[in-house]
Amino acid sequence: MEEEYYDDGDEEGDWEEDDDVEEGEEMDVEAMEEEALGAVADLSARLSRELRIDDDVRDKRRIIRDKTSASKHIPDNLLPRVAIIGRPNVGKSALFNRLVGGNRAIVVDEPGVTRDRLYGRSYWGDREFMVIDTGGVITLSKSQAGVMEELAITTTVGMDGIPLASREAAIARMPSMIEKQAIAAVDEAAVILFIDGLVAADIEIADWLRRNYSDKRIILAVNKCESPRKGQMQALDFWSLGFSPLPISAITGTGTGELLDMGLDGVEEDENYIPAIAIVGRPNVGKSSILNALVGEDRTIVSPVSGTTRDAIDTEFTTEDGQKYKLIDTAGIRRRAAVASAGSTTETLSVKRAFRAIRRSDVVALVVEAMACITEQDYKIAERIEKEGKACVIVVNKWDTIPNKNHQSTTYYEQDVREKLRILDWAPIVYCSATHGSSVDKIISAAALVEKERSRRLGTSILNQVVREAIAFKPPPRTRGGKRGRVYYTTQAAIRPPTFVFFVNDAKLFPETYRRYMEKKLRSDAGFPGTPIRLLWRSRKRPDKKGKSADNSLQSSVIPSRMALAT
């Protein structure tokens, strides 16, 4: 049976009398510090199992290489670039995944899945380079219906409220926007991997490469040649393109070693910690527009067509003061039921990429649309952010669409956001308009602040003083049986996010209401804005004669609940 708690009106200090700890007895602080680290590790493992993302693949070879390599890691921007280009559905993303390891790019048997540039580090022996995946280059004239079919574009899902003329105009621009991203990748690359599939359709691309990029190393790779012997026969037809064709198979890896040997120079690596900021939200709230406004270029395709962004797109960004950040643009996250009913493998994988982007980020910018305000799906995404333990900035985009704004209306709007996103009541709010470039720089300023708070460590003496003052102001409630909780010692066992372990006489004597009170006091007295904090409560009885502690059990105020999002 659960204990019943009540306030018996005792004077301050009465709660300190406890039979569990004798007067003058000292606690083993070193043992408690070690125990706290174990408690944090247990919690981290439990949350990782709860928030597991399907098909989460780790590159085992890279892990082994990182553990054994004596070389240093250099920043991404100093690595030589290798761009993969070609028509849609020739296996560019499959080759990208083969080179970088894992499933970074979405690969399905459907043309037009990749649209933006996607970057990934790759290794070949002791050489390291940056691989760029691109969208398919469409060179043949197509009707509007043909473009829609080729790129799997819909004019219905997520397009409510957008005029038909705007939809058609966006669809008409989509091929050129995808090709613009591919051209940008080729411009910055030192090596071009031209992935071929059909001679007649690729002559135009081959001529374009010879005319404009004769100074770069161009390697023609004929993909989908699983058999080495038959592959040589398959590649014969491609000599007419003016390059030496190399048969490969991105799926089985056939020929990829020879492909990499043909022109990749390695560089040493250098370790540099760069905070990552993931930009997440529902479809069409302006995530890609925010990224483009921050970096000052069309880094990702922006269109009213819902689902334009498919992969999680990484972009390195440097502020005026020289601080570097990695910005991650993600696909829009729709409701789990909506994704399931659509039956789109591409969208399912896109959502998983967005969740993985949250996991590998330090700060999450949760973008909401000003006119739509907070929806149920926004709250579900917020739950995911909090469970992952990430710092967060709530970004209210398209603020210019709110009519007749004043200080009072802004205050009411913020109250509404706080009420509907109460799980992120600690997150700062930034109002901006990405299309006009208004206040987007405040996103980075807020992200820098919350990232520092997420990495901050509070001194043990200060922490215990804050806890003592909180208990003195409001002692733990007494049970009907006369028992009352007592805090022996508190320590901060981890950062990112800040995690505090409370060693108490019995964790069951601290109800959920009191644990929430303690969290609020920690925030009000010690700070930590913009980041979740975790409180773990560890039962610890008084030491016996042999100096051992009796009956240790961990109870945490952070009890994961089943996620409602698609994972």
Side-chain angles (χ1 to χ4, degrees), residues 72-79 81 116-121 130 132 181 184-185 187-188 269-281 285-302 309 312-330 357-368 385 389-400 424 426-457 495-498 527-531:
K72 298 187 296 182
H73 293 278
I74 70 167
D76 292 351
N77 62 319
L78 297 182
L79 291 176
R81 261 116 166 114
D116 296 291
R117 285 171 283 163
L118 182 62
Y119 291 76
R121 296 171 79 107
M130 184 68 68
I132 312 174
Q181 293 291 318
D187 286 339
E188 65 178 299
E269 303 175 351
D270 184 22
E271 276 185 47
N272 269 338
Y273 171 69
I274 300 179
I277 304 174
I279 306 173
V280 304
V285 294
K287 300 181 296 296
S288 296
S289 297
I290 289 175
L291 175 63
N292 291 341
L294 287 172
V295 301
E297 63 171 294
D298 292 338
R299 175 61 185 84
T300 55
I301 295 174
V302 177
T309 302
I313 308 300
D314 293 13
T315 303
E316 193 169 289
F317 169 73
T318 304
T319 61
E320 294 181 355
D321 58 0
Q323 175 62 49
K324 292 184 177 180
Y325 293 95
K326 181 189 292 184
L327 304 178
I328 310 174
D329 186 21
T330 63
I358 294 175
R359 176 162 299 175
R360 62 190 176 95
S361 68
D362 299 288
V363 180
V364 179
L366 175 57
V367 184
V368 299
I385 296 170
K390 304 302 180 181
C392 182
V393 177
I394 301 172
V395 180
V396 181
N397 192 27
K398 306 181 184 180
W399 188 238
D400 56 301
L424 299 181
W426 37 263
I429 301 176
V430 174
Y431 302 92
C432 72
S433 175
T435 54
H436 295 84
S438 173
S439 299
V440 290
D441 56 322
K442 294 182 180 179
I443 300 174
I444 297 298
S445 301
L449 173 63
V450 301
E451 196 278 327
K452 289 181 180 178
E453 290 297 315
R454 184 171 179 261
S455 306
R456 184 162 67 93
R457 187 176 293 275
I495 58 174
R496 298 177 184 166
F528 298 103
T531 178

* Structure fact -> Heavy atoms of Val364 and Ile385 approach each other most closely as CG1-CD1, 3.5 Å
* Min side-chain heavy-atom separation Ile429-Val368 under 4.5 Å -> no
* Interatomic spacing from CD in Glu451 to OH in Tyr325 - rounded to 0.5 Å -> 7.0 Å
* Within the side chain of Arg454, is there an N or O that forms a donor-acceptor pair under 3.5 Å with the backbone of Cys392? -> no
* In chain order, what residues pass the side chain to side chain donor-acceptor pair (under 3.5 Å) check against Ser433, with sequence neighbours excluded? -> Asp400, His436
* CA sep, side-chain torsions, deciding dist, call: Glu453, Arg456, salt bridge (Lys or Arg N to Asp or Glu O under 4.0 Å) -> CA-CA 5 Å; Glu453 290 297 315; Arg456 184 162 67 93; 3.1 Å; yes
* Taking C-beta and beyond as the side chain, do Asn397 and Val285 meet within less than 4.5 Å on heavy atoms? -> no
* Where is the tightest heavy-atom contact between Ala447 and Ile277, given as atom of each residue plus distance? -> CB-CD1, 3.6 Å
* Structure fact -> Taking every heavy atom of Ser439 against every heavy atom of Tyr431, the minimum-distance pair comes out as CB-O, 3.3 Å
* So do Ile132 and Glu188 actually touch side chain to side chain, heavy atoms under 4.5 Å? -> yes
* With the side chain counted from C-beta on, respond yes when Val363 and Pro275 share a heavy-atom pair under 4.5 Å apart, and no when they do not. => no
* Shortest non-hydrogen contact from Ile443 to Cys432? -> CD1-SG, 4.1 Å
* **Residue pair Ala365 / Val395: nearest heavy atoms and the distance that separates them** => CB-CG2, 4.0 Å
* Minimum heavy-atom distance Ala434-Val440, with the two atoms named -> CA-CG1, 4.0 Å
* Any side-chain heavy atom of Lys390 within less than 4.5 Å of one from Val280? -> no
* With rounding to the nearest 0.5 Å, note down the distance linking CG in Leu449 to OG1 in Thr531. => 10.5 Å
* **NZ on Lys287 to CD1 on Ile279, rounded to 0.5 Å** => 9.5 Å
